[in-house]
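Reviewing the structure listed below.
So that the names make sense, note that chain A is the first sequence line, chain B the second, and so on, each numbered from 1. Computed from heavy atoms alone, side chains included, the values below leave out hydrogens, waters and symmetry copies.
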Amino acid sequence: MWDYTDKVKEHFSKPHNVGSVEDANAVGEVGSIVCGDALRLSLKVDKATEKIVEAKFQTFGCGSAIASSSVLTDMILGKTLDEAAKITNRDIANELGGLPKEKMHCSVMGMEALEAAIANYRGQGVADSHLHEDEEGELVCKCFGITDKKIERTIKENHLHTLEEVTNFTKAGGACGSCHWKIEEIIRKVHKQELEAKAEEKPKGLTNLQRMKLVQETLDREVRPQLQKDGGDLELVDIENKNVKVRLLGMCSGCQVSRFTLRDLVEAKLKEFVEPDITVEELRS
Amino acid sequence: MTPIIYLDNNATTPVAPEVLAALLPFYQTRYGNPSSMHTFGGEVAHDVEHARQQVAALFNSRESEVLFTSCGTESDNAAIRGVLEALPEKKHIVTTRVEHPAVLNLCKHLENRGYRVTYLAVDAQGRLDLDALHHVLTPDTALVSIMYANNETGTVFPIQKIAEIVKEQGIILHTDAVQAAGKLSLDMNSIPADLVSISGHKLHAPKGVGALYIRRGTKFVPFIIGGHQEHGRRGGTENVAGIVGLGKAAELAAANFSNETRQVAGLRDQLEAGVLKAVPHVRVNGDREHRLPNTTNISFEYIEGEAILLKMNDQGICASSGSACTSGSLEPSHVLRAMGVPFTAIHGSIRFSFSRYNTRTEVGEVLEVLPDLISGLREMSPFWARRDKM
């Protein structure tokens with residue numbers, strides 16, 4: 001049984017805005033009956049203000065697909081198209097208090113239907129089409145009709161790292177498995193691009209002050225939340241040139257595998273986000 | 001809490017009160033180890049042997065042909081691996097596309113270990129082509145493993161005919177009878193199979209116990225190596241309470257067999273007829289003529305199974321679905337796909353499975369809420385509105 005949040009159950013039991021807007025001027029439809037879920041979103045957009053004044057949905061799918069659709073209509077009502085366009089699948093999932101990871105593709109479907117509806121209003125898309133067929137690119141997952149473009153985009157937007165995550169978010173690779181190697185290749189490609197982009201962004205040679213700030217930010221954003229999940233934490237003690245000194249706290253202090261934590265998490269993240277030649281040293285109290 | 005209407009007996013069954021009463025002393029006062037030298041343990045060994053007689057009676061077999069295991073999956077593993085290891089020169093296995101994962105995934109695993117596996121197809125009703133079976137058997141075939149009855153659709157394979165074809169070639173036949181036990185005859189005098197798996201918890205015994213029938217003379221290497229228990233064919237201290245429970249459950253099943261299957265089939269037919277009458281655009285999956293008495297698999301088209309299960313759950317009704325969304329993987333039921341059931345119907349498939357503890361009142365209550373629940377979900381589905389164009 002899935003561990004759905006109360007908010008998901010609520011939206012599934014009593015979904016908001018079910019149906020079809022009669023004089024809709026923006027309609028987006030994604031998914032298909034073969035894939036096991038589909039969403040048709042119809043909107044009435046006020047021409048003068050571009051505000052969404054009415055939003056309704058029809059969904060074929062599981063509990064979380066219905067809940068994602070329902071909460072999406074709540075989120076976009078009253079927003080302008082530009083505001084609505086900023087909504088990501090993460091926002092939809094967060095609004096529901098989270099979704100089981102295997103169900104993240106339901107939130108992706110919500111975002112895609114919204115994009116399709118906005119494109120339809122702006123004359124860029126066909127109302128009754130399936131996004132799968134629309135999306136350009138090479139077909140990677142033949143079972144669910146997912147292209148490399150869509151996989152690339154989802155990896156970037158959701159910071160995905162593994163094949164399993166890609167399957168959870170896009171369904172790609174979820175059936176016969178023959179495309180797994182292609183998906184893994186795409187993951188590697190995207191990560192390489194991201195690393196190169198970051199390398200270019202980074203100023204050549206940080207000042208001491210810049211480095212300290214960047215190290216602290218990276219530790220707070222990328223490292224500590226992960227450690228905290230395991231009941232641990234870490235504090236930054238000092239930075240000497242490019243040698244960062246930290247102290248592990250809580251469950252992490254004295255942990256048998258702390259050297260792996262340091263190398264594979266702390267140092268890896270700092271190398272990725274600060275400087276490639278940074279080193280980390282553990283201070284033991 | 002809403003009272004539960006439990007129509008998911010192919011997943012697991014409630015422990016029968018008589019079974020519980022029989023097994024409880026083995027957790028309380030009769031906790032001895034059957035292998036011990038003292039009388040306190042030795043008496044327990046007698047209870048295990050009594051349970052073996054009860055299970056042997058279900059198979060109409062010798063007691064020495066019954067091996068106790070921890071579950072249906074272990075029985076399947078022990079049978080298949082035990083035979084393969086005993087016949088190391090043979091590298092071919094025959095099974096079907098609709099087996100339980102306990103057999104199917106084991107066969108896929110063995111494919112990576114140097115075995116060649118033939119997966120027999122089924123037709124739209126889920127029936128096997130016996131001619132095809134005949135043709136795929138080769139001198140290299142070590143084992144044929146074909147289930148007796150399908151857990152998802154209830155379709156029953158003609159195991160007697162299958163056994164005749166396989167035995168004619170001198171090949172070993174294993175059958176997973178986990179769903180058939182207690183519902184269909186397991187008389188091993190008339191079914192010439194060599195190995196048969198059953199599981200306790202599908203038969204009103206507790207979870208964590210199973211049995212494997214091994215016909216005398218069958219080449220077999222133990223799967224779990226350890227102590228001398230089970231005459232050296234399965235190491236590990238016996239799950240005495242579970243074994244005693246399985247014995248009692250087998251006895252009850254044998255005693256109530258014909259009565260029960262008629263009564264349970266009546267409930268199943270009542271539900272099926274009621275649904276077909278009250279709900280349009282439904283289909284029954286599987287072979288309705290050769291089917292377990294307790295199972296029906298119904299597709300509600302244009303809606304998705306997990307949503308149906310959740311809506312039923314709100315009403316306290318328990319069932320299962322072949323939908324992709326319920327499986328944890330994204331794959332819809334391999335059984336329904338093997339039968340070529342259209343996707344529109346697979347995603348909305350629901351399995352109702354009954355036991356002797358269900359009542360006509362319960363079926364009436366389900367029929368009262370189900371049609372509204374289905375039409376509510378259909379109103380929400382984009383495909384329902386345009387069903388004529390699909």
- request: With the side chain counted from C-beta on, respond yes when A:F57 and B:M380 share a heavy-atom pair under 4.5 Å apart, and no when they do not.
  value: yes
- request: Report the distance from atom CD1 of A:I66 to atom CD of B:E304, rounding to the nearest 0.5 Å.
  value: 8.0 Å
- request: Assess whether atom NZ of A:K44 is packed by more than 12 heavy atoms of other residues, nucleotides or ligands within 6.0 Å.
  value: no
message: Distance check, rounded to the nearest 0.5 Å: A:C62 atom SG versus B:L309 atom CG?
response: 11.0 Å
- line: Taking every heavy atom of A:G63 against every heavy atom of B:L310, the minimum-distance pair comes out as CA-CD1, 3.7 Å
- request: Check A:A38 against B:P382 and note the closest heavy-atom contact, atom names and distance.
  value: O-CG, 4.4 Å
- request: Return the minimal non-hydrogen interatomic distance between A:F12 and B:L377, and the atom names on each side.
  value: CE1-CD2, 4.5 Å
- prompt: For A:S69, is it the side chain, the backbone, both or neither that has a heavy atom under 4.5 Å from a heavy atom of chain B?
  reply: neither
- request: Give the minimum heavy-atom separation between A:S32 and B:F383, together with the two atoms involved.
  value: C-CZ, 4.0 Å
- request: To the nearest 0.5 angstrom, please state how far the CD atom of B:E306 sits from the NZ atom of A:K103.
  value: 3.5 Å
- prompt: By a 4.5 Å heavy-atom criterion (distance strictly below it), what part of A:P15 contacts chain B: side chain, backbone, both, or neither?
  reply: side chain
task: Determine the option with the most heavy-atom pairs under 4.5 angstrom with chain A, choosing from B:P342, B:G376, B:A307.
output: B:A307
field: Heavy atoms of other groups near A:K182 NZ, more than 12 under 6.0 Å
entry: yes
